[in-house]
Every structure is written in C-alpha cells, then in structure tokens.
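Here is how names work: the chains are called A, B, and so on, in the same order as the sequence lines, proteins then strands, and each is numbered from 1.
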Amino acid sequence: MTKEQIMLKLKNINKSFQDLTVLKNLDLEINQGEICCLLGPSGSGKTTLFRIAAGLEKADSGEITKNSDPRFAYVFQSPRLLPWKNAEENLIFVQKNYGLESEKSLRDLLFRLAKLENFKTAYPDELSGGMQQRLELIRAFAVKPDLVFLDEPFKSLDMKTRMNLRKLITVIQAETGITLFLITHDPEEALLLADRIYIMAAEKQGIIKEIKIEKAREKRKISDPELYQHLENIMDIFSDLVSDLEDAGDEIKRLF
Amino acid sequence: MTKEQIMLKLKNINKSFQDLTVLKNLDLEINQGEICCLLGPSGSGKTTLFRIAAGLEKADSGEITKNSDPRFAYVFQSPRLLPWKNAEENLIFVQKNYGLESEKSLRDLLFRLAKLENFKTAYPDELSGGMQQRLELIRAFAVKPDLVFLDEPFKSLDMKTRMNLRKLITVIQAETGITLFLITHDPEEALLLADRIYIMAAEKQGIIKEIKIEKAREKRKISDPELYQHLENIMDIFSDLVSDLEDAGDEIKRLF
Amino acid sequence: MKNSIIKPFWILLFFIFLIWERSAAGLNSLILPSIGESYQALKEIALSGILLESFIITLRRTLIAYGLAVILGIITALLLYRFKFLQRTFRPLITVIQATPPVVWVSLAVVWFGVADDLTPIFLIFIVSLPVIFVNIFQGLEDMNVELVEMAQAYSTPRYRILKEIYLPSLLPALVSALSIAFAFAWKSSVFAEFIASSSGIGYQLSRANSMMATDRLFAWTIVLILFMLFVEYYLLEKLKKHVSRWKND
Amino acid sequence: MKNSIIKPFWILLFFIFLIWERSAAGLNSLILPSIGESYQALKEIALSGILLESFIITLRRTLIAYGLAVILGIITALLLYRFKFLQRTFRPLITVIQATPPVVWVSLAVVWFGVADDLTPIFLIFIVSLPVIFVNIFQGLEDMNVELVEMAQAYSTPRYRILKEIYLPSLLPALVSALSIAFAFAWKSSVFAEFIASSSGIGYQLSRANSMMATDRLFAWTIVLILFMLFVEYYLLEKLKKHVSRWKND
Amino acid sequence: ALEVNVQAPTVPGALPFLWMQEKIELPAALEIKLNLSSDHQRGMSLLAQNDIDLLITGSNVGANAYNRGINLKMMNVNTWGIDYLLTNGFKTESWADLRGKNLALPLQGGPLDFLARYLAQKNGLDPEKDLNLIYRALPGGAQLFMAGELEAIILPEPLVTISLANREEAVLSMDLQEEWAKLNGDNRIPFVALFVNGEFSSKYPQFTDIINAYYAKGVEWINNNPEAAAELAAEHFEIPAPIFKKSLNRVNLNIYSEMESRKLTELYFGEMLKIYPELLGGSLPDEEFYY
Ligand SMILES: Nc1ncnc2c1ncn2[C@@H]1O[C@H](COP(=O)(O)OP(=O)(O)OP(=O)(O)O)[C@@H](O)[C@H]1O
Ligand SMILES: Nc1ncnc2c1ncn2[C@@H]1O[C@H](COP(=O)(O)OP(=O)(O)OP(=O)(O)O)[C@@H](O)[C@H]1O
Ligand SMILES: [Mg+2]
Ligand SMILES: [Mg+2]
C-alpha cells in the first residue's frame, strides 16, 4: 500500500434537494491510508457528500472512482444500533455480512480500547449517549474495513472521552493503514488528526479550501506555528458573520 | 453592583442517587456579574450541581445562600420548548411570569441577535436543532434575569454558530452585568469566557480545581502564555486515562 | 372528504357494488337484497321520516353516553395517574369492565334501570366507551413530557398556568385519538344496545327489520350507520386531528 | 398474576361482592342471583362437563379465527405499507368493515356459510379482529426506524437478514399490542356470534341460560369469560409484553 | 288515568293491545303503553320489578318464572296454533320421512325443540339418532332455509308465510297442531299467554278484568277484520300487510274459557315436564298461577 494510491475519487458531483443545491461540481480525492477531514458549518452538505461517497445516496450527476472494491464502514452522525441486540451482538450483526463473526478476539480488543469491556452484554438503551457513540464507532472497525466514514463521531462528548477516542482511531489507523474519512466541527481536531482537510461552505455549494498537513501526527501541537497559522485562517473563514453584534451594545443596554 | 458582591454561594453540599454519591462536601461561590464556567467530564455531576443551585432538585444536605432574591433563568442541556407554541410565544410564555410580556422590542432584539428574526412564528419542530438551541438560549435572557444557568448551551453546534453565540452572551453580559453560570466540555471555551472556572471530576465527587482569570475577556487569545498554561494543565488533568492505548498497538496489528 | 378517500377506492367500491349486484341477482332479496332494493328501502325510511327520527334518537343517546364517558374517563385517568393507590385498586376493575360481554351488561342494566327506554343504551355505550377513553388518556399522561413542567417551574410559572398551558395541550393528541377510537365503540354499542334492549333508535329499527327478515331495510339501516361513521371518522375527527397535529409530531 | 393485580384490588373486589350480595338479597334470583347461587351454577356446569366442552369449542373457534386474522392482518398491513396504491384503495374499505355493526355481519354470515356451525362465529371473530390487527401493525410499520435499515445496507447486509433481523423485531412491540387489543375483540365477538348464530360454545350456553331465564347460569358463564380474559390479559400477554419490552423503551 | 305498561313481542298476540291503543276509545281511567320487544328475559325482569304490568310471552316462560318465585299470573292463553313444519322440495307424509334429514329448530331446549322431540318420539323416531337437529336462532334459520341450505325447518307464523312466499321449493308439510291433535285429541296448544304482575292484579282487580275483557274483544276484532289487523301489523311489525293477512289464516288466536284453557295448559305442561323440566322451572305451576 503506497501512500499515494487513490482510495476514493469524486469528480464533478452535483446534488440538489428540490430547490436546494447542496453540492455543485464538487471534486475530492482521498489517498489510501490517509486521514481526511471534512470541516464546515451545519448545513454545508458534509453528510450529503458522505452519503453519496458511501453509496447511500445517488448524486444527480458526477463520477465516483474507487480503488478496486474497498470495504466501507460507516459511523453515523447519531448512533444507529439495533435496540434488540446487546453490544456484542450489534458487532456480530455486521461482522456476519463478511464472515467475520468468529473473530471474538477482535471484538474483545475493540471493546477494551473503547473502555466498554464491561458492557458487552448491555443493550443500547442501557448505555449512556457517550457509550452508544463509542459502540457505533468500534462497530465500524469490527468489519476490518478499508475505508471508514466517520460522521462527527466525537460530537457532544466530554473532553476526556474525546481525547481517548481520537487517540483510539489514530492508533488503529497507524497500525492498520485503514483510510479514515472524518467529519468534524472542530478545526483543532481536524488540524491534529488530518493529512488532508477539506473545508466546505453552504454558500459555495461545496469545497472552498483544501489544506494538506505533512507533519507527523504524533508531533503535532496546536501551538506549533504552522498549525496555528492554519487555525487562524480557518477561524477567519468562519468568523465572517460574527462582526455585526458589536453595534447592538447600546440597544442591549437600553432594553435590559 | 460591585463585582465582589456574592450572587450565589453553596456550602458543604452533598447529593447521592441511591448508592451513587455525586457531590460530596462541595463548596462554590459566584460573584455578581461574573461569568463562571463548570468544566468536567460526562457524569461528573455538573448538571446535578446546576439543578441544586437553581432549586430544581434538593440537596441531601448543605446550605445555599443567595444575594437577596435574584431572578434565575435556566438554559437546559437539551432544549425544552413548548411544541404547541411558536418561537415568539415560547418567549412570551416565560415573560408572562414576570409581567414582561409587553416587552416586544426586547424579544425582537434577542431574535435579531440569535439570527432568528425570520423564525418568530415558526414552531419548534420547524426549526433545526441548532435553531432550537438558540431559541432556548434567548428565552433565558427574555426574562431579564439576574443569574442565568447555561447547561452546555453550545453543544454540538458548528464552529461558526458557536462563535456567534459565545459573542452574543459576552456582549449581553458586558452590557447588562448579568451573572452567567455556564457548563462546557471545551476547556478553550472556558478559558476564553470565564472569570472563574471550576473543574469537576466524578472520582472526587466534586470540584477538584478552581481557576481565576483576571485578564480582560476581549483581549484573550488561546496562544496567550497564561491561558495556554491553564489549557495545558487542564489537558493534563483530563488525559490521565489516555495513556494505556499505546501498548495495544501490537495486538491491533495482529488482529486486523 | 375527498382528500382522505381517494380515487382508487371509488374503483374498488364500484367492483364491490358489481359483485354485490351479481350475487344479489341469483339470490332472493330476503337473503341478499340488490342495490336497487336497498336504495328503495333507504328512500322509504327516509321519506317516512323514521330515518331522521331514529337517527336523532340514537345520536342523542350516543352523545350523552359518550360525553359522560369522555368526562369520567378523563377524570378517572387523572385521578389514577395522580394517586398510585387508586391505580392499583381500579386498574384491574377497568379490565374486568372491559372483559364483561355486552350481553351481560344489558341484562344487568335491566335490573338497574328498568323500563326507561333511554337508560339501558346510554349505560351500555357509557360502560363500553369509558375504558377506551380511560386507557388512552392514561397512556397520554404516562407519555407526557415532565421536562416541560420542570422548565416551567424553573421560570416560576404558577400552577394553574402549568395545567392550562402544558398539561392540557400535552394531552390533546391522546385525547383526540381516544375520542376517535371511543366513538367507533360508542356508535356500535349504541346500535347493539338498541337492538337488544330498546324500542326506539336505529338499533331497534335494525332488530325489527331483522326479526321480520326485511333484509333490504337491514341493509338500508346499515348503510346509514356506515355513512355516519365514515363521516365522523374521515371528516369530523380528521379535522380535529389536523388541528391538533400541528405540533404533534414533535 | 400477583404482581399485576395487587392487594388494594382485592379489597375493592370484596366491596363489590358485598354490594352484589346486598342487592341480590332483596331481588329474585331470576333478576340478580346471589354469589352463592352463581357459584352453585358455576359448580354445576363445571361438574356436568359442559363448561369444559363449551370452553374448548369457543376457544378453538377463537384461536382459528384470531390466528387467521393475525396472519392476514400482518400480510395486508405489509402489502398496503409497501404499495401506496393498494393503501389508497383498501384503507377506506377497512374503515367500512370496522363501521359495519356485528349484527349485520352475522346476518350476512348466516347466508354465506349456511348450516356449518363453526363458520359463522369464526367469520365474525375474523372480520372483527382483522381491522384491529391491521391498524396496529400498519401503525407499527409507519413508526419503524428506517435509519436502521440504511445502516444495515451500509454494511452490505443481505435482504433476507434485513427482514429477519430488523423488520421483524421492529414490529414485535406493535404486534404484541395488536395481539392484545385484538384478543379482547376476538373473545367478545366469539361469544356474541355464538349467542346469535351457533348451537355450541360459551355464547350459545349464555343464550340458552338467557332464554331459560337461568340468570345464575348467565352469571356463572360470565365469570368464566371474565376469568379467562383476565388470565390472557394479565398473565399470557403480560408475559409476552415483558419479553418484548426488554428493548421497547428505546 | 292509570298507566298500564305492557311488553309484547311482535306476534299476533300483541295486536289486541295495538287495537286498544289505536282503534278504540278505552275508558278514560285507563291508558295502555305498549312496548314491542322480543326479549322475554328482559320483560320478565321488568315485570318482577313492577316496571311493567303485563307481558305477552310463551306460556312456559311464565310458568318457569312463576316457579322461580316471580309474582305473576297467567291472565289468558291467546295463541293456540302457530307452528308448522316446512320442507325443502319434498313433502313429508309422516315423521318417518324426516329420518336422516336436517331439521332446523330455533333454540335447543325451547318450546319448539320440545314439540319437535315430543312428536318425533311419539311417532317412533329417536330425535337424537334419526334426525339431524340443527339449532339456529330466528330469523337466521329461516334465512338459511330460504337459501336452500336446509331440508326441513319448524317455524312459527308469520315466518312460515314469508318463507313460503320466498322459496318456491318450500312445502308446508305438517301442521304441528294437527300432529298434536292426533296424539292428544285436541289441536289447541297453549303457546303464547298474557301474564299480569301479581301485585298489579291484586291492587287493581277491576282494571285487570277490564283489560282482559278488552283483550278478548281485540282478539275477536282481529279474527273478524283480518284486513284491518294486517294493516295494523304492517305498521308496527315491519311486515307487508298481504303476507300478514295470509299468515293469520294459519294462526289460532283465540280466548277460550278459563277451565278449558287450564286443562289444555296442564296437559301441555305435563308433557313438557317429561322432556324438558327446566323449561318450566322443574315442576307444574300451582293453583295461584292461574288467574
Ligand atoms: N433528504 C433531504 N431532503 C431535503 N433536504 C436535505 C436532505 N438531506 C439534507 N438536506 C439539506 O441539505 C443541506 C445539507 O445537509 P447536510 O446534512 O449534508 O449538512 P451537514 O453539513 O451534514 O450539516 P450538520 O453539520 O448539521 O450535520 C441542508 O440544508 C439540509 O437541510
Ligand atoms: N435522577 C437521577 N437518578 C439517578 N442517577 C442520576 C440522576 N441524575 C443524575 N444521575 C447520575 O449522577 C451522575 C452525574 O450526572 P450529571 O447529569 O450531573 O452529570 P454531568 O456532569 O451533567 O454529565 P454530562 O456532561 O453527560 O451532562 C451520573 O452518574 C448520572 O448517571
Ligand atoms: Mg451532517
Ligand atoms: Mg449534564
């Protein structure tokens, strides 16, 4: 697996919902073994792009090229667990589709990494929201995928869990070379994790900026000048709309 | 209103749920006009502490002292809007309790600040999750409160909206001197906003660290050495449990 | 009505009518009257005024009993929801009431209400609808979002406003669904009660038609019953539902 | 059963018995038999073997018709859910079926099924339970979480596994609730059908007791009916519900 | 005026009350309120609770209630002949012709069931073995017969006339009253009677007598004016007048002397007691039963 081999390539993708054009002439590529982050405000079409890339939705037009026949796994924005199966059965359910149901030690490892080893027989409704998210996450790795789509896998988790899980996927990625395609709202997270960052904006119906980061993941720190520069740039892009609050000061004072 | 006057003081608070002790001998105080942040992993008892301080739940023992009879407002962790009332009616519903229902210009201002001016007549189920959160937030300010409890008001919002809302509450706070008590998962957010930060941990059943920040809010930057030092310290506290993943590398390689 | 019962149904109805007409052709009208005969009978009862008269009698009884059942069902549900002790006492009683066959109620009603022509049907409709209303409202109460009540308390909302602005609208969807389900029960049991134990109303007319084998009239009355039921279900209640479901999905 | 029907109910039951005994004391047993007389009658029918015999006949009919209604109700619901065209066609038909009074079904059934003693009750039970099953299953299908199906597709799950592992368990709670509601209907309408149009089974025995004015027997049979219903609702179905609700709340 | 509440099923025996209500001027002190209902169980309960004063029902029903302690008296027997055997496409000359055939009866253990079993037995059949008895409540049974699903059925008037009119193959095979006569020498069977609440009759003996007399007059009027009686029935019973008029030909509606009535009733009850004692509540009613 050379790093430069392309895993997934989208060309000239267009997608509209009724009157709303979400993606317009979108191009994107991910190399094998990369971590690629998608960054953008709510409604900018991140999930839509994911669904098209993963084959869950049809684009109106465009071309999708894959490297041979990669195995996809998908971590949904909100956990989609079978409520009538316990944690381990939920993993077995997807493993069965690839004849992997006998790989108990893989499951055990994943449960351990996600700190869920005591909850293998718990049903989803017995798990906290955060635990469900972790289960959703490790399910993807239980099928030994080539490419994992992760739609905000760390959303609304506390800092500690978030750091743990970030670590978890980077360790797995480092050891196995699985390609990761990840949506996040947090620019720092993207800068710390990604080899490549795509920034999307609803106004432009697609990708407005691509950032490549060469620095080794383990050595990155947000205070590093290169990363910090990227962060400032990203913040600038996002803070376009913040300005007009200042002049409301007088009114606020008057009305309260 | 001198800054040093105490708004709320909790002393020796204890709270258990059945066998689970959540808060043990907890002390805490907030001065008038302060922004006070509560930081801590999931399950460390932040919401429980809030509910006790706001009088929604009874502590098992302990003392709560308030400055005269302050008006509280509460932004719930997940929006609690009346589904059968539209956005504006939801604001009027709480305003009525304080005879403020005629303050239409205040409502209009809040809708404008939250960029919801076009959704005054929309019902909650017609708003996106983020819009509902913003409505939940401005409802608190519609009653001209003395102290607002904000339980993760920016959770799972995108960076842009998040920055907007942060700005919004700091502007309101600066102009009105309303005391804000805020729960967040994001250490940077706490460092950028708070005059005082309390860090909680489930293992200690309460507050493990108190940080006071004197620097003027407008001038703060996360790269500022003082703040950055705090950030590193907080990260250290949270990363206690991250370490043990490294040694899983071999096993991961073997099993995948 | 047009929005609800849509075209394909009319085609089906046409085929049903065709099959009906075909079968009736081969059979004596006492066994299966033709559409024409049924229509004739319908016209007859309509012109003689007996249709309107019986319909009003039955409707009056249904509305009285149904109204009582709705009011008492709501009160019972509120009480049983509020007081767990009452719940453990009366919940099984309600199941017993539901399990008792209507025939038995009718024979008990004779003892309790004697000859009064109205009371037996009213009682039967009441006793049959009450558990339906109760069960649905009770479910509605149990499904209610207590978080909203807490929110209101956090903003110092007075008790009566919480009742009026949160409890009441929360229960509306359950109430409408209870009303709809219970109406079908009420309407059918009023017919049953009149069939057995009354000397007026649509049910009584049905029983008269039945005992003299005036099958065409039996069909005519049945058509009246079905049409009214469809009118209530697809028009009145649908309107009410739409009104309520404005925010129901959430 | 003890967990469901709890102590306070027994106290209430005691009071009901007391009131019953008091009222019966002043009345002829033909109008309201005492508890002792009802018990005596119950003992009699139990010892004569007619209780068991009739019970088995009624139960058999109910189970056959109910089973058919369940199977056909599920199939209809699946078909109508899948094909919107069928839905617009048959949905109103189901309302019409539901709106038709049982009396009319019975008189139609007599013509259609002739002398066969079983068919009329079976038909009535079937036609009364079918819409109940259908409506509940259909609701269950509409409430189903399609996101899980998409998840399964994202992981290349074959079609038959999606049906077995997602559709089926998704529908179980709706199915159990449908089974429970429909059983009450089935049981009561089997009694009604036998009362009117059969010469065996509990309903027939009820009608005999009724025409012989053996009110004590009427009560004895009613007690049998209620007890069996309570057994099914509070024991059998409760067990099934518990089994299913393991993950229902989610 | 004294309000007298009457319940009667839609049988010819109810017509005299309709006649009193609509065709003549009763004494001002008397007002008849007639309630048409065929639920005799309900009627009896109402009678026992003094909710109604007079009840027309089967003679055995009254005796049964009497024996169970209901305070009532049999004022008169008014219907003496009403039941016939209809066959489908063939005619029976004797009971033996029914061997192995379907025979539908309205109610197991009812008076018609008794009559059918009694006659069959006396004519050398074992009703359980030789007949295929089918019990089907009226009018469902009649409907079945008309649909050609039954070989034979015993029906009361006016269902006999209706069935004959609606099924060409239907044959009026036997007059059960005549069959009874072959065995007992009299074709009068006391089927339907008028009962009075015991309290009412002892409180208002003269009114009771007046009503009884008017009732007898009404019966006479019907027999003399079948045309008008049929019109009255058509209006209240939901049955076409011509059919009812025809049907009256086969109904023996008459009031006989008390002595005669009682003798015939005791004969009827005596035979009934042998086959279905529970139809009479276990024993013959005593002296006080007869008015
Ligand atoms: N099935 C659909 N039908 C109609 N509109 C849709 C559909 N799916 C998405 N959209 C719209 O397309 C736009 C992009 O949605 P998408 O979910 O891809 O955004 P996102 O970037 O994932 O946002 P978030 O960060 O909130 O998840 C939004 O305006 C959304 O309302
Ligand atoms: N009503 C309750 N009954 C029982 N246990 C409770 C209750 N409320 C909270 N807990 C428990 O108390 C602990 C603290 O909960 P709390 O909601 O205060 O945490 P938190 O810090 O707000 O977490 P999060 O960041 O996930 O909101 C948790 O272990 C929780 O399960
Ligand atoms: Mg998304
Ligand atoms: Mg919380």
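- In this structure, the separation between CZ on F93(A) and CG on L148(D) is 8.5 Å, given to the nearest 0.5 Å.
- To the nearest 0.5 Å, atoms OH (Y74(A)) and CD (E150(D)) are separated by 7.5 Å.
- By a heavy-atom distance cut of under 4.5 Å, R51(A), L56(A) are the residues of residues 42-61 of chain A near chain D, going up by number.
- Smallest separation of non-hydrogen atoms from Y155(D) and A73(A): CE2-CB, 3.7 Å.
- Within a 6.0 Å radius of CZ in F17(A), other residues, nucleotides and ligands contribute more than 12 heavy atoms.
- The 12-atom threshold is exceeded at CD of E117(A), counting heavy atoms of other residues, nucleotides or ligands nearer than 6.0 Å.
- In terms of heavy-atom pairs under 4.5 Å with chain D, the best-connected choice from F76(A), F72(A), F149(A) is F76(A).
- Between K96(A) atom NZ and E165(D) atom CD the span is 6.0 Å, to the nearest 0.5 Å.
- Within a 6.0 Å sphere centred on NZ of K9(A), heavy atoms belonging to other residues, nucleotides or ligands number 12 at most.
- The minimum heavy-atom distance between S156(D) and Y98(A), with the atom names listed, is OG-OH, 3.2 Å.
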Is there a side-chain contact (heavy atoms from CB on, under 4.5 Å) between M151(D) and L82(A)? Walk through the geometry before answering. CA-CA 10 Å; M151(D) 180 279 289; L82(A) 301 182; 3.9 Å; yes

